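Below is one structure; the comments refer to it alone.
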Amino acid sequence: MTIIFLTGANSFLGRIINILLVTKGFKVTGLDLYDQSVTVDITKPFSLNEDLNPDVVVHAAGKAHSVPRISAEKKVFYDVNFEDTNNLCTALEKLTVKPRSFIFISTVPVYGLDAGYMISENHPLKGETAYAKSRIPAESWLTGWADKNGIRSMINGICSGRYFIIGKADSRKSIVWQEDIPSIITGCV
């Protein structure tokens with residue numbers, strides 16, 4: 001049985017991912033601030049139980065859907081969307097068995113766009129929102145971390161041609177139905 005470690009398991013999207021992955025027969029270990037198998041604030045350094053041994057990490061934790069007005073609110077975006085990724089990966093490095101794959105849930109605004117059509121991974125990162133500015137360094141850092149640790153990333157899957165596509169792959173909007181995300185994840189797994 002494939003073990004999936006899901007961050008942000010209590011979030012809007014995390015709950016949907018959790019339910020649908022369990023329904024498809026995966027064992028899901030949830031991580032969140034509250035009421036999950038692993039309860040921790042990942043904006044601060046932490047350790048994971050050595051027995052965790054996930055096959056796949058789905059990193060859905062993050063801060064979004066608000067517009068910060070002051071610099072302290074912008075810092076919260078950075079802490080939650082960049083520092084959490086760094087802290088999570090540092091905790092994963094300490095495990096005896098590392099995950100084979102890492103799926104990072106991000107967003108088209110990192111490209112400075114509201115919608116997208118045929119956006120490649122080489123598209124310039126021009127996001128100006130607090131959310132985009134916190135996700136851009138997280139994506140960059142995570143790509144290097146996955147390479148260094150031999151963990152298959154979604155980018156490697158796309159480049160190898162082993163990337164799961166829904167429908168005809170001719171979407172013209174940057175909208176994904178929340179219940180399609182677990183299908184994408186199971187396809188990647």
Side-chain angles (χ1 to χ4, degrees), residues 1-49 51-68 73 76-92 95 98-110 127 129-132 134-139 141-143 145-146 151-155 157 163-164 166 174-189:
M1 176 182 292
T2 301
I3 300 169
I4 297 179
F5 185 54
L6 173 63
T7 70
N10 270 341
S11 68
F12 170 74
L13 185 57
R15 274 183 263 149
I16 293 166
I17 292 171
N18 194 354
I19 291 166
L20 292 174
L21 289 175
V22 169
T23 301
K24 291 182 180 269
F26 293 94
K27 179 181 180 202
V28 178
T29 300
L31 176 146
D32 209 294
L33 279 171
Y34 311 102
D35 199 28
Q36 285 297 311
S37 304
V38 179
T39 304
V40 67
D41 178 358
I42 63 175
T43 64
K44 297 169 180 47
F46 66 97
S47 295
L48 293 168
N49 184 324
D51 297 335
L52 180 64
N53 297 328
D55 297 301
V56 178
V57 173
V58 177
H59 186 26
K63 175 147 181 72
H65 309 297
S66 67
V67 178
E73 291 173 349
V76 171
F77 271 87
Y78 182 82
D79 289 347
V80 174
N81 295 330
F82 177 74
E83 291 299 335
D84 73 339
T85 301
N86 189 320
N87 292 332
L88 171 62
C89 292
T90 299
L92 291 170
L95 296 177
K98 307 229 180 347
R100 69 173 191 265
S101 296
F102 192 108
I103 299 170
F104 182 59
I105 308 294
S106 193
T107 180
V108 74
V110 298
T129 66
Y131 181 60
S134 65
R135 284 300 202 198
I136 290 170
E139 286 186 15
W141 185 89
L142 188 55
T143 300
W145 178 84
I151 297 172
R152 182 176 167 82
S153 66
M154 187 178 283
I155 303 305
Y163 178 63
F164 187 72
I166 295 176
S174 62
I175 297 173
V176 177
W177 185 41
Q178 72 264 7
E179 292 188 16
D180 281 341
I181 292 173
S183 296
I184 294 168
I185 292 167
T186 57
C188 290
V189 171

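Every heavy atom of this structure was used, including side-chain atoms; hydrogens, water molecules and symmetry mates were not. No experiment lies behind these values; they were computed from the predicted model shown.
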Spacing of [X] atom [atom1] and [Y] atom [atom2] [to the nearest 0.5 Å]:
X: Leu6; Y: Ser11; atom1: CG; atom2: OG; result: 7.0 Å
X: Asn18; Y: Asn10; atom1: CG; atom2: CG; result: 8.5 Å
X: Leu95; Y: Asp51; atom1: CG; atom2: CG; result: 9.5 Å
X: Leu21; Y: Ile19; atom1: CG; atom2: CD1; result: 10.5 Å
X: Asp55; Y: Phe26; atom1: CG; atom2: CZ; result: 9.5 Å
X: Asn86; Y: Ile42; atom1: CG; atom2: CD1; result: 11.0 Å

Could you check whether any side-chain heavy atom of [X] comes within less than 4.5 Å of a side-chain heavy atom of [Y], counting everything from C-beta outward?
X: Pro99; Y: Phe5; value: no
X: Leu92; Y: Trp145; value: yes
X: Phe46; Y: Asp41; value: no
X: Phe102; Y: Leu88; value: yes

Nearest non-hydrogen partners of [X] and [Y], listed with the distance:
X: Ser47; Y: Ala91; value: CA-CB, 4.4 Å
X: Thr2; Y: Val56; value: CG2-CG2, 4.4 Å
X: Thr85; Y: His59; value: OG1-NE2, 3.0 Å
X: Gly30; Y: Ala9; value: CA-CB, 3.7 Å
X: Val110; Y: Ile136; value: O-CD1, 3.5 Å
X: Gly127; Y: Ala132; value: CA-CB, 3.7 Å

- Query: Within the side chain of Asn81, is there an N or O that forms a donor-acceptor pair under 3.5 Å with the backbone of Arg135?
  - Reply: no

- Query: Can any side-chain N or O of Thr7 pair as donor or acceptor with the backbone N or O of Ala60 at less than 3.5 Å?
  - Reply: yes

- Could you walk me through whether Lys63 and Asp84 pass the side chain to side chain contact (heavy atoms under 4.5 Å, CB included) test, one step at a time? CA-CA 10 Å; Lys63 175 147 181 72; Asp84 73 339; over 6 Å; no

- Just jot down the side-chain hydrogen bond (donor to acceptor under 3.5 Å, both in side chains) partners of Glu83, sequence neighbours excluded, or say none. none

- Does the pair Cys89 and Leu142 meet the rule for a side chain to side chain contact (heavy atoms under 4.5 Å, CB included), with working shown? CA-CA 8 Å; Cys89 292; Leu142 188 55; 3.5 Å; yes

